[in-house]
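See below for the structure under consideration.
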Amino acid sequence: MSLQPISTYNPQAYLQEFLSEPAALQHLLTPEAERFFILAVEQMYPLFTRPLPPGRSTSHNLLYVRTGSARMHIGPETYTIGPHEVLLVRAGQVYSFGPGDVNTGYICHFHDDLLLGGRGGAAEALAPFEFLRFWGQPVIRLGAEVGEFAEQLLRRLLVEYSTQQLRYPEVIRAYLLALLHELGRAYTAAEPAETSAAAHITGRFKQLLAASVATMHRVSDYAEQLHITPDHLSKCVRRLTGKSPARWIEESIVLEAKVLLTQTTWPVSEVALAVGVADASYFSRLFRKHTGLTPLAFRKQQDLS
């Protein structure tokens, strides 16, 4: 069996599958919702009555909290944000969250194509938004003053989208670009004056891991790609994240497997192959080590929920 990409959910599929009342928000989403949509968090969160299993999107998701808090799993990590803070789920990242958060704010979903506006030179046009790269820190703390300005832009985006949808994409783009430039300044200000070599190596390791988790499982392979020794890679990653590269690799394999177990009916042996593990017994042991469940028990648990 050839390796296949992890499935993705588009916004309409998420609403239909996981919202307790899909019709309550369906009217707010256009057929172009994969390019862009924005909603008030308080409209959406109460309608999720069961956990969303791991999935991934081809667009970015930006969550801004005005009051309360929000908790989300991104990759193998868990993040919680509070007032005047932003949580970014970059395009391609695996994420999930559960019900129960009490908050107000905005969720904004946008594709790189909307930012480009039909222009060429994607790399140059998106260069100011380095923080949208998936290996960056997902939490941006704005503070009250910048947070209030971000709220104004988000509120204006919500009004424009609610009344016009994407009839005037250049208006959406203008507000969105202003918001992202503000986030970019806050993100840069929070970084150390000089990014350490260890942070650079760790970021490149995460990038490689996301692209190669189904084909590379040895720390030495990643070290070779980065032109450093395995020992140096281990020291850098452990220093920045508190976990070894081997742990990151195992958790990433299990995370990819969770997506496939949830979104497909493939036998466990095929799921194992899809994440690059030829031995189904070893795969089951690895999965249980990190989740406390066998792959079949995890799938059954998701079906029952």
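Numbering of residues begins at 1 and proceeds along the displayed sequence.
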### Message
Taking the side chain as everything from C-beta on, heavy atoms only, tell me whether V41 gets closer than 4.5 Å to V65.
### Response
no
One should read off an interatomic distance between Y106 OH and L39 CG, to the nearest 0.5 angstrom, of 11.5 Å
| query | Could you go step by step and tell me if L273 and W266 meet the side chain to side chain contact (heavy atoms under 4.5 Å, CB included) rule? | reply | CA-CA 11 Å; L273 283 175; W266 296 351; over 6 Å; no
Q. So F48 and Y45, would you call those rings parallel, tilted or perpendicular, with 30° and 60° as cut-offs?
A. perpendicular
In terms of relative ring orientation, are F110 and H60 parallel, tilted or perpendicular, with 30° and 60° separating the classes? tilted
The reported gap from CG in L114 to CZ in R35 (rounded to nearest 0.5 angstrom) is 5.5 Å
request  = Check whether more than 12 heavy atoms from other residues, nucleotides or ligands sit under 6.0 Å from atom CD of E170, and answer yes or no.
outcome  = yes
Side-chain heavy-atom pair V139, V86 within 4.5 angstrom cut-off: no
**Any side-chain heavy-atom pair of H181 and R185 under 4.5 Å** = no
Are the side chains of I228 and F205 in contact, using a 4.5 Å heavy-atom criterion? no
Taking Y222 for its side chain and M216 for its backbone only, find out whether a donor-acceptor pair lies under 3.5 Å.
yes
In short, P51 meets P99 closest at the heavy-atom pair N-CD, 3.7 Å
Which of E85, E151, E148 passes side-chain hydrogen bond (donor to acceptor under 3.5 Å, both in side chains) with R66? It is E151
Residues A186 and R141: closest non-hydrogen pair is CB-O, 4.4 Å
*Side chains of S96 and H73: is there a donor and an acceptor less than 3.5 Å apart?*
no
Rounded to the nearest 0.5 Å, the CG atom of L87 sits from the CD atom of Q137 at a distance of 9.0 Å
Exercise. Show your reasoning for whether side chain to side chain contact (heavy atoms under 4.5 Å, CB included) applies to E250 and V254.
Key: CA-CA 6 Å; E250 287 187 355; V254 170; 5.7 Å; no
R71 meets the side chain to side chain donor-acceptor pair (under 3.5 Å) criterion, sequence neighbours left out, with none
Q.
Please determine whether residues L293 and V275 belong to a single hydrophobic cluster, defined as Ile, Leu, Val, Met, Phe, Trp and Tyr linked transitively by side-chain heavy-atom distances below 4.5 Å.
A. yes
To the nearest 0.5 Å, atom CG of L233 lies from atom CH2 of W248 at 12.0 Å
Quiz item: Does the side chain of I201 reach to within under 4.5 Å of the side chain of L240, using non-hydrogen atoms?
Solution: no
**Asked** With side chains defined as the heavy atoms from C-beta onward, is the minimum distance between S284 and P295 less than 4.5 Å?
**Response** yes
- Item | Heavy-atom donor-acceptor pair, E34 side chain to H111 backbone, under 3.5 Å | no
Inset, instruction - Indicate yes or no for a side-chain donor-acceptor contact from N103 to the backbone of S69 under 3.5 Å, with no hydrogens or angles considered. - result: yes
If we ignore hydrogens and angles and just use 3.5 Å, is the side chain of S162 paired with the main-chain N or O of V159 as donor and acceptor? no
All heavy atoms of A214 vs all of A274, minimum pair found to be CB-O, 3.6 Å
- request: Determine, using the 4.5 Å side-chain heavy-atom cutoff (strictly less than), whether Y79 and V102 are members of one ILVMFWY cluster.
  value: no
Legend entry - Student check: side-chain heavy atoms of L179 and L177 closer than 4.5 Å: no
Taking V213's backbone N and O only, do any of them form a donor-acceptor pair with H217's side chain (distance below 3.5 Å, no angle check)?
yes
> Same cluster for F37 and L166 if Ile/Leu/Val/Met/Phe/Trp/Tyr side chains link at under 4.5 Å?
Replying inline: yes
* Asked: Are the side chain of T104 and the backbone of T67 linked by a donor-acceptor contact shorter than 3.5 Å?
  -> yes
task: Go through the steps for L183 and L62 under the test side chain to side chain contact (heavy atoms under 4.5 Å, CB included), then give the verdict.
output: CA-CA 11 Å; L183 296 184; L62 182 159; 3.3 Å; yes
For this session: Determine, step by step, whether C108 and L176 satisfy the side chain to side chain contact (heavy atoms under 4.5 Å, CB included) criterion, reporting the C-alpha distance in whole Å, the side-chain angles of both residues, the deciding distance to 0.1 Å, and the verdict.
Result: CA-CA 9 Å; C108 184; L176 184 58; 4.2 Å; yes
Check whether any side-chain heavy atom of V237 sits under 4.5 Å from a side-chain heavy atom of K243, and report yes or no.
no
Looking only at side-chain N and O atoms, does E251 offer a donor or acceptor that is under 3.5 Å from a partner on H290?
no
Item to check | Main-chain N/O of K258 paired with R299 side-chain donor or acceptor, under 3.5 Å | outcome: no
dist L255:CG -> E77:CD (nearest 0.5 Å) comes out at 10.5 Å
**Message:** Determine whether a donor-acceptor pair (N or O, by modelled atom type, separation under 3.5 Å) exists between the side chain of Q93 and the backbone of V89.
**Reply:** no
- Message: For A297, is there any backbone N or O sitting under 3.5 Å from a side-chain donor or acceptor partner on T294?
- Response: yes
- Kindly indicate, with the supporting measurements, whether the criterion ring pair (Phe, Tyr, Trp, His ring centres under 6.0 Å) is fulfilled by Y161 and F36. CA-CA 9 Å; Y161 182 73; F36 179 87; 5.6 Å; yes
One should read off an interatomic distance between L153 CG and Y64 OH, to the nearest 0.5 angstrom, of 10.5 Å
All heavy atoms of P138 vs all of R90, minimum pair found to be CA-NH1, 3.1 Å
task: Indicate yes or no for a side-chain donor-acceptor contact from Q165 to the backbone of R167 under 3.5 Å, with no hydrogens or angles considered.
output: no
